[in-house]
Amino acid sequence: MNAVTETTAAEPVSGVEIFVPLNKLKKSPRNARKVPHGTSAIEALAASIAHKGLIQNLVVEPEVTEDGTPTGLYFVTAGEGRRQAMLLCAKRRKMKKSDPVRCWLDTENDPSEISLDENVTRTPMHPADQFERFLELSETKGWGAQEIGARFGVSAHVVKQRLRLGAVSPKLLQVYREDGLTLDQLMAFAITEDHERQEQVFESLHHNREPWIIRRDLTAANVPGHDRRAIFVGEAAYEEAGGTIIRDLFADEGGGYFEDAGLLDMLAIEKLREVAAEVQAEGWKWAKAHIDYPHAHGMRRFYPEPVALSGEDEKRLEAASARYDQLVEGYDSYDEMPEEVAAKVEALDAEIDAISDKRHAYDANVIAHGGVFAVLNHDGTVTIERGFVRAEDEALADPQPEGESEDAAPDTIEDEQTEDGGEAEQEIEDEEVGKPISDTLTRDLSAHRTLALRVALGERPDMAVIALTHTLTSQLFYSYAEAGCLEVRPTVTPLGSHADGIEDTPLAAKANAAHEAWAERMPRDVADLWAFIVALDDEDRMVLLAHCVSCTVNALRLPWDRKPRSLQTADRLASALSLDMAKDWTPTVDSYLGRVIKAHIVEAVTEGVSEDAACRIADMKRQDMAQSAEQLLAGTGWLPAILRTPEADTSEVQAEDGEDFYAVAAE
């Protein structure tokens with residue numbers, strides 16, 4: 001069948017190939033596709049045509065007037081997307097609008113049916129075949145992602161993703177072709193190019209094949225990019241040291257994995273040591289770098305002491321504070337301020353903080369004999385903890401007043417006779433005047449005194465508060481201090497090992513600030529602590545007692561530590577305090593939603609938002625569902641059951657104020 005060139009001289013014959021100028025082709029009103037082609041699809045077709053020419057011809061019919069006279073224009077029955085792609089090429093000057101386009105002339109078949117047939121009667125290539133062909137182009141022709149992307153109208157990033165998928169184990173690609181794996185699961189396997197490892201993980205999977213589980217198993221020995229060590233060291237420094245980062249092309253930013261955990265730890269410690277050395281230059285005896293805070297250091301900690309500001313600093317502080325108040329007047333936040341005003345306010349704020357910091361300073365002895373810890377936070381920042389003194393240096397850092405030397409032990413009375421028996425007897429009596437009473441009698445008398453103290457203290461609630469505050473404070477703020485006479489032992493359970501990152505939360509910062517504020521007020525010598533507590537007014541004393549008691553709260557639910565009555569008491573305490581966890585905790589992918597099954601996510605959205613909202617996300621993949629749930633639950637105040645505060649039990653009755661303790665107990 002011969003190709004003919006379109007002319008307007010005679011009516012063309014159906015069933016022949018003709019060449020029609022691009023500017024004489026029109027969209028057919030009988031095109032079955034009513035939803036237009038997407039921009040990305042037209043871009044891809046334009047790229048293909050620009051590099052390879054028109055692979056598949058257009059099907060056309062002539063446009064005629066009402067009396068049947070040809071107009072010289074043609075309707076595109078099939079191939080409207082290709083027509084638009086060629087117009088885009090013409091717009092980009094890669095072809096001319098007068099260039100001939102290869103077309104198949106069809107005036108016998110129904111144009112609507114032809115248009116429908118082209119869009120329905122076809123089978124798209126399986127994605128696995130596409131992935132392998134992209135990889136083949138890269139390996140056989142040496143084309144990079146940019147060049148392949150340009151020839152197919154897709155971004156270089158998409159090409160890299162397809163190349164990575166094409167490089168997955170052929171065994172797993174075949175499983176994917178046979179619908180044994182989803183695309184999301186195949187993408188998870190593409191995190192590594194190690195076919196043996198991919199197949200090993202695939203064989204170990206059971207009923208749960210969530211993509212995040214596949215990624216977790218494949219990268220079990222690696223460090224994720226959002227890890228605090230990775231953030232602190234940085235990708236550039238790690239790669240410069242010879243480390244390799246496994247890039248997850250199918251995850252958001254930060255989806256890479258640091259392959260060498262040992263190297264990353266070494267780089268993090270080295271960088272922390274540099275920070276510690278800078279702090280040690282302040283005059284400290286030693287400085288240690290730790291990725292995790294060394295809770296078992298066993299050292300006494302000293303805190304800064306109040307220091308009076310110099311006259312010059314007082315004037316600077318007063319002037320800066322006045323200027324600050326003048327600038328912020330009338331504004332509720334930095335966002336409302338003009339940029340230049342906000343910059344001045346921030347500079348003044350920093351100056352005020354710098355001067356205020358001079359109000360407290362470490363004693364020169366503490367600096368000379370103490371040290372600091374440089375510790376890596378959960379978010380990759382560094383915290384400097386100062387004022388720790390080793391046991392052998394405590395006497396130098398905190399010299400105690402010299403006490404009176406102990407009297408020498410009384411001379412032993414030799415069992416011998418003197419010539420004058422009376423004089424010997426008188427000598428023995430004189431020596432026994434200074435002899436202490438026996439241990440048995442001492443215990444007897446001290447028991448009576450202890451009982452009397454118990455009764456007396458029970459009748460004086462005000463003194464009981466002082467004694468309890470003294471005992472708790474001496475143990476919580478002074479190392480190895482046995483200064484209290486109450487047998488009360490506070491136990492402070494560290495929470496960092498139970499909840500990753502909890503030590504870097506605003507609540508933890510609030511608790512630490514309260515502790516350090518009291519520590520700065522405490523006397524250096526524990527012997528002076530009683531007088532310090534007595535001198536406090538009632539309100540401050542109760543605040544200190546509340547702080548000490550609060551340090552001992554333990555409401556942890558541990559699988560190996562069953563304590564239902566303690567947890568019940570914790571619930572009652574929460575009710576009495578009207579505890580509202582929604583103020584300090586929100587359900588996010590990291591804190592809750594990404595760590596529970598889909599049923600729990602649906603339940604959370606149902607309770608926190610609505611049943612309709614839960615239904616809308618019920619069919620999503622677990623990770624997508626968790627992210628959607630985080631957005632839906634934001635600001636709702638929803639809490640999981642374990643964080644909710646039970647309603648207060650009003651049936652509990654307390655003894656009336658002022659009643660005698662022992663009288664109440666006797667009843």
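For the single chain, residues carry numbers from 1 onward in sequence order. What you are looking at is a predicted structure, and each value in this text was computed from that prediction instead of being measured.
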Problem set entry | Min side-chain heavy-atom separation Leu633-Leu593 under 4.5 Å | yes

Problem set entry | Atom NZ of Lys285: over 12 foreign heavy atoms under 6.0 Å | yes

Exercise. Can a salt bridge be assigned to the pair Arg644 and Glu607 using a cut-off of 4.0 Å between side-chain N and carboxylate O?
Worked result: yes

Exercise. Do Glu43 and Arg92 pass the salt bridge (Lys or Arg N to Asp or Glu O under 4.0 Å) test, and can you show the C-alpha distance, the side-chain angles, and the key distance before you say yes or no?
Worked result: CA-CA 12 Å; Glu43 287 280 357; Arg92 294 174 175 173; 2.8 Å; yes

Exercise. Under a 4.5 Å cut-off applied to non-hydrogen side-chain atoms, are Met581 and Thr645 in contact?
Worked result: no

Problem set entry | Residues Arg197 and Gln200: side-chain donor-acceptor under 3.5 angstrom | yes

Exercise. Would you call Arg622 and Asp184 a salt bridge, taking side-chain N to carboxylate O under 4.0 Å as the test?
Worked result: no

Exercise. When you check the side-chain N and O atoms of Gln631 and Gln627, is any donor under 3.5 Å from an acceptor?
Worked result: no

Problem set entry | Residue pair Tyr592, Trp638: steps toward the ring-ring contact (aromatic ring centres under 6.0 Å, His included) verdict | CA-CA 12 Å; Tyr592 181 79; Trp638 179 87; 5.6 Å; yes

Exercise. Which residue, Phe258, Tyr257, Phe232, forms the ring-ring contact (aromatic ring centres under 6.0 Å, His included) with Tyr238?
Worked result: Phe258

Problem set entry | Exercise: identify the closest heavy-atom pair between Pro294 and Val375 | CD-CG2, 4.5 Å

Exercise. Do Gln56 and Glu118 touch side chain to side chain, with heavy atoms closer than 4.5 Å?
Worked result: yes

Problem set entry | Test item: His195 side-chain N/O and Lys171 main-chain N/O as donor-acceptor pair under 3.5 Å | no

Problem set entry | Any Leu186 side-chain heavy atom under 4.5 Å of Leu173 side chain | yes

For this session: Step by step, work out the salt bridge (Lys or Arg N to Asp or Glu O under 4.0 Å) result for Glu239 and Arg247.
Result: CA-CA 13 Å; Glu239 290 180 320; Arg247 303 288 182 182; 3.4 Å; yes

For this session: Taking atom types as modelled, find out whether Thr588 and Asp590 have a side-chain donor-acceptor pair closer than 3.5 angstrom.
Result: no

Exercise. Are Gln161 and His157 close enough that a side-chain donor and a side-chain acceptor fall under 3.5 Å?
Worked result: yes

Exercise. What orientation do His515 and His547 show, parallel under 30°, tilted 30 to 60°, or perpendicular over 60°?
Worked result: tilted

For this session: Look only at the side chain of Asp624 and the backbone of Met620, and say whether a donor-acceptor pair between them is shorter than 3.5 Å.
Result: no

Exercise. Hey, does Pro640 have a side-chain heavy atom less than 4.5 Å from the side chain of Trp585?
Worked result: yes

Exercise. When rounded to the nearest 0.5 angstrom, what distance separates CZ in Arg177 from NE2 in His126?
Worked result: 7.0 Å

Exercise. What are the two closest heavy atoms between Ala230 and Leu264, and how far apart are they?
Worked result: N-CD2, 4.0 Å

For this session: Output the distance between atom CD1 (Ile213) and atom CD (Gln185), rounded to the nearest 0.5 Å.
Result: 10.0 Å

For this session: Drop me the distance from Leu495's CG to Thr505's OG1, to the nearest 0.5 angstrom.
Result: 9.5 Å

Seminar exercise, completed: The reported gap from CZ in Phe152 to CD1 in Ile148 (rounded to nearest 0.5 angstrom) is 7.5 Å

Exercise. So with a 6.0 Å cut-off around NZ of Lys271, is the heavy-atom count from everything else above 12?
Worked result: yes

For this session: Could you tell me which non-hydrogen atom of Ser115 sits nearest to which non-hydrogen atom of Asn119, and how far apart they are?
Result: O-ND2, 2.8 Å

Exercise. Between Glu270 and Arg273, is there a salt bridge with N-O shorter than 4.0 Å?
Worked result: no

Problem set entry | Straight-line distance of Glu80 CD to Arg33 CZ, nearest 0.5 Å | 10.0 Å

For this session: Evaluate whether atom CD of Gln146 has more than 12 neighbouring non-hydrogen atoms of other residues, nucleotides or ligands under 6.0 angstrom away.
Result: no

Problem set entry | Polar side-chain atom of Thr381 near backbone of Asn377 as donor-acceptor pair, under 3.5 Å | no

For this session: Please tell me if the side chains of Pro211 and Phe189 come closer than 4.5 Å, counting only heavy atoms from C-beta onward.
Result: no

For this session: Find out whether Val602 and Met625 are in side-chain contact, i.e. whether some heavy atom of one side chain is under 4.5 Å from a heavy atom of the other.
Result: yes

For this session: Please confirm whether Lys160 makes a cation-pi placement over Phe134, using NZ or CZ under 6.0 Å from the six-membered ring centre and within 45° of the ring normal.
Result: no

Problem set entry | Side-chain (Lys598) to main-chain (Asp619) donor-acceptor, under 3.5 angstrom | no

Exercise. Salt bridge between Asp379 and Arg228, side-chain N to carboxylate O under 4.0 Å?
Worked result: no

Exercise. Taking the inter-plane angle between the rings of Tyr293 and Phe373 on a 0 to 90° scale, is it parallel (under 30°), tilted (30 to 60°) or perpendicular (over 60°)?
Worked result: perpendicular

For this session: Establish, from distance only, whether the side-chain atoms of Glu210 and Trp212 form a donor-acceptor pair under 3.5 Å.
Result: no

For this session: Indicate yes or no for a side-chain donor-acceptor contact from Ser48 to the backbone of Ala44 under 3.5 Å, with no hydrogens or angles considered.
Result: no

For this session: Rounded to the nearest 0.5 Å, what's the gap from CD1 on Ile246 to CG on Leu218? Could you check?
Result: 9.0 Å

Seminar exercise, completed: Between Ser169 and the options Glu196, Gln198, Glu199, the side chain to side chain donor-acceptor pair (under 3.5 Å) test singles out Glu199

Exercise. Does Glu193 have any salt bridge (Lys or Arg N to Asp or Glu O under 4.0 Å) partners at least two apart in sequence or in another chain, and if so, which?
Worked result: Arg164

Exercise. Under 4.5 Å between any side-chain heavy atoms of Arg386 and Glu282, yes or no?
Worked result: yes

Problem set entry | Electrostatic pair Lys141-Glu147, nearest N-O below 4.0 angstrom | no

Seminar exercise, completed: Smallest heavy-atom separation, Val154 atom then Arg162 atom, equals CG1-NH1, 4.1 Å

